[in-house]
Undergrad: 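Quick one: the structure is below, questions incoming.
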Amino acid sequence: MKRLTILALALWAAQAGAQGMSRGEYVARAGDCMACHTAADGAPLAGGLKFATPLGDIYSTNITPDKTHGIGGYSYDEFARAMREGVAKDGHHLYPAMPYPSYAKMSDDDLRALYDYLINEVTPQASANRESDIPWPLSMRWPLGLWNSLFVEDKPFTPRADKSAAWNRGAYLVQGPGHCGACHTPRAWACRRKPSTRATSSSLRAKPLTAGTRRRCAG
């Protein structure tokens, strides 16, 4: 009985917390924006977290509404382009450590809610973005446009008519904002995700994670 009481209180607290947050904050939590965009000793969502890659270290960016270093100067359309196509406001390609191939599956309503939350509810932080440590010429970003054209499917999530609403909601969260496949799907050549087939069922069946797996090849 005691365990049931504790469980009931926990569920009640979780429901109350969810009801107290905006839809945009819910989407941000589902996407775990804080995990990658907050350094160990940094301000929330101000960037600076290091990602080790075979080419050199890169650092997450400031996504607070600061107009100089963050996304405060982004229009919604510019934000949506970055989220779905991996292209920043000034036109440069983002490294696919930012999982825009997954975010491309997000709905317009969720992207709009996320944008409104980041712009209107998050505290601006005047933290400058750090340049990557990738040496030239490997630091050139134009090849990322080719990578996108070859490997990124920018179609939104499509519900399956043969599945329940709960199944489709879960699939949307896993494939879209949750970007589970970015970490839990094996990689083929050029760091693309291995396609899932009925024979291999490779999706979400990555080999055991090491300390650097997430940061070497996330996209």
Undergrad: For the pair H37 (side chain) and T61 (backbone), establish whether a donor and an acceptor sit closer than 3.5 Å, ignoring hydrogens and angles.
TA: yes

Undergrad: Quick one: closest heavy-atom pair of D110 and S107, and the distance?
TA: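 Closest pair (atom of D110, atom of S107, distance): N-OG, 3.1 Å.
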
Undergrad: Between M83 and L111, is any pair of side-chain heavy atoms under 4.5 Å apart?
TA: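 In short, these two side chains touch, coming nearer than 4.5 Å.
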
Undergrad: Are there over 12 heavy-atom neighbours, none belonging to R141, within less than 6.0 Å of that residue's CZ?
TA: yes

Undergrad: Test of understanding: with salt bridge (charged side-chain N to carboxylate O under 4.0 Å, His left out), list the residues that count as partners of R81, not counting sequence neighbours.
TA: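 For R81 the salt bridge (charged side-chain N to carboxylate O under 4.0 Å, His left out) partners, ignoring immediate neighbours, are E85.
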
Undergrad: Test side chain to side chain donor-acceptor pair (under 3.5 Å) on D66 and T64; report intermediate values, then the result.
TA: CA-CA 6 Å; D66 182 79; T64 74; 5.7 Å; no

Undergrad: For N168 and P159, work out which heavy atoms get closest and say how close.
TA: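 Here N168 and P159 meet closest at OD1-CA, 3.3 Å.
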
Undergrad: Would you give the length of the straight line joining atom OG1 of T53 to atom CD1 of I58, rounded to the nearest 0.5 angstrom?
TA: 6.0 Å

Undergrad: Please give me the minimum heavy-atom distance between G31 and H179, naming the atom from each residue.
TA: O-CE1, 3.0 Å

Undergrad: Counting only heavy atoms not in D41, do more than 12 fall under 6.0 Å of its CG?
TA: no

Undergrad: What is the distance from atom CZ of F79 to atom CG of D116, rounded to the nearest 0.5 Å?
TA: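 Those atoms lie 9.5 Å apart.
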
Undergrad: Identify whether M21 and V27 are in the same connected component of the hydrophobic contact network (ILVMFWY, side-chain heavy atoms under 4.5 Å).
TA: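 Same cluster: M21 reaches V27 through Ile, Leu, Val, Met, Phe, Trp or Tyr contacts under 4.5 Å.
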
Undergrad: For residues Y117 and V122, determine if any side-chain heavy atom of one lies less than 4.5 Å from a side-chain heavy atom of the other.
TA: yes

Undergrad: Give every residue pair that meets the ring-ring contact (aromatic ring centres under 6.0 Å, His included) criterion with at least one member in residues 53-78, sequence neighbours excluded.
TA: Y76-Y115

Undergrad: Which heavy-atom pair separates K105 from Y172 by the least distance, and what is that distance?
TA: O-CE1, 3.5 Å

Undergrad: Do P156 and M106 have side-chain heavy atoms sitting under 4.5 Å apart?
TA: no

Undergrad: For S22 and E121: C-alpha separation, side-chain torsions, deciding distance, then whether side chain to side chain donor-acceptor pair (under 3.5 Å) applies.
TA: CA-CA 9 Å; S22 66; E121 297 184 46; 2.8 Å; yes

Undergrad: Measure the shortest side-chain to side-chain distance between T38 and L49 over non-hydrogen atoms and say whether it is less than 4.5 angstrom.
TA: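 Result no, sub-4.5 Å side-chain heavy-atom pair not found.
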
Undergrad: For residues M34 and P44, determine if any side-chain heavy atom of one lies less than 4.5 Å from a side-chain heavy atom of the other.
TA: yes

Undergrad: Any side-chain heavy-atom pair from W142 and H93 closer than 4.5 angstrom?
TA: no

Undergrad: Under a 4.5 Å cut-off applied to non-hydrogen side-chain atoms, are T158 and R160 in contact?
TA: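 Sidechains of R160 and T158: no contact.
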
Undergrad: When rounded to the nearest 0.5 angstrom, what is the spacing between CD in E25 and CG in L118?
TA: 10.5 Å

Undergrad: So does A126 get a backbone contact from the side chain of N62, meaning a donor-acceptor N/O pair under 3.5 Å?
TA: no

Undergrad: So that I can tick it off, tell me whether R84 and D108 are bridged by a salt bridge, with the cut-off set at under 4.0 angstrom between side-chain N and carboxylate O.
TA: yes

Undergrad: Quick one: are C33 and L45 in side-chain contact, heavy atoms under 4.5 Å?
TA: yes

Undergrad: Nearest 0.5 Å please: distance from the CD atom of Q175 over to the OH atom of Y103.
TA: 14.5 Å

Undergrad: With sequence neighbours left out, write down each residue that passes salt bridge (charged side-chain N to carboxylate O under 4.0 Å, His left out) with E78, or none if nothing qualifies.
TA: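 Salt bridge (charged side-chain N to carboxylate O under 4.0 Å, His left out) check on E78 returns K89.
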
Undergrad: Please name the pair of heavy atoms, one in F51 and one in S60, separated by the smallest distance, quoted to 0.1 Å.
TA: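 The pair with the smallest heavy-atom distance is CE1-CB, 4.0 Å.
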
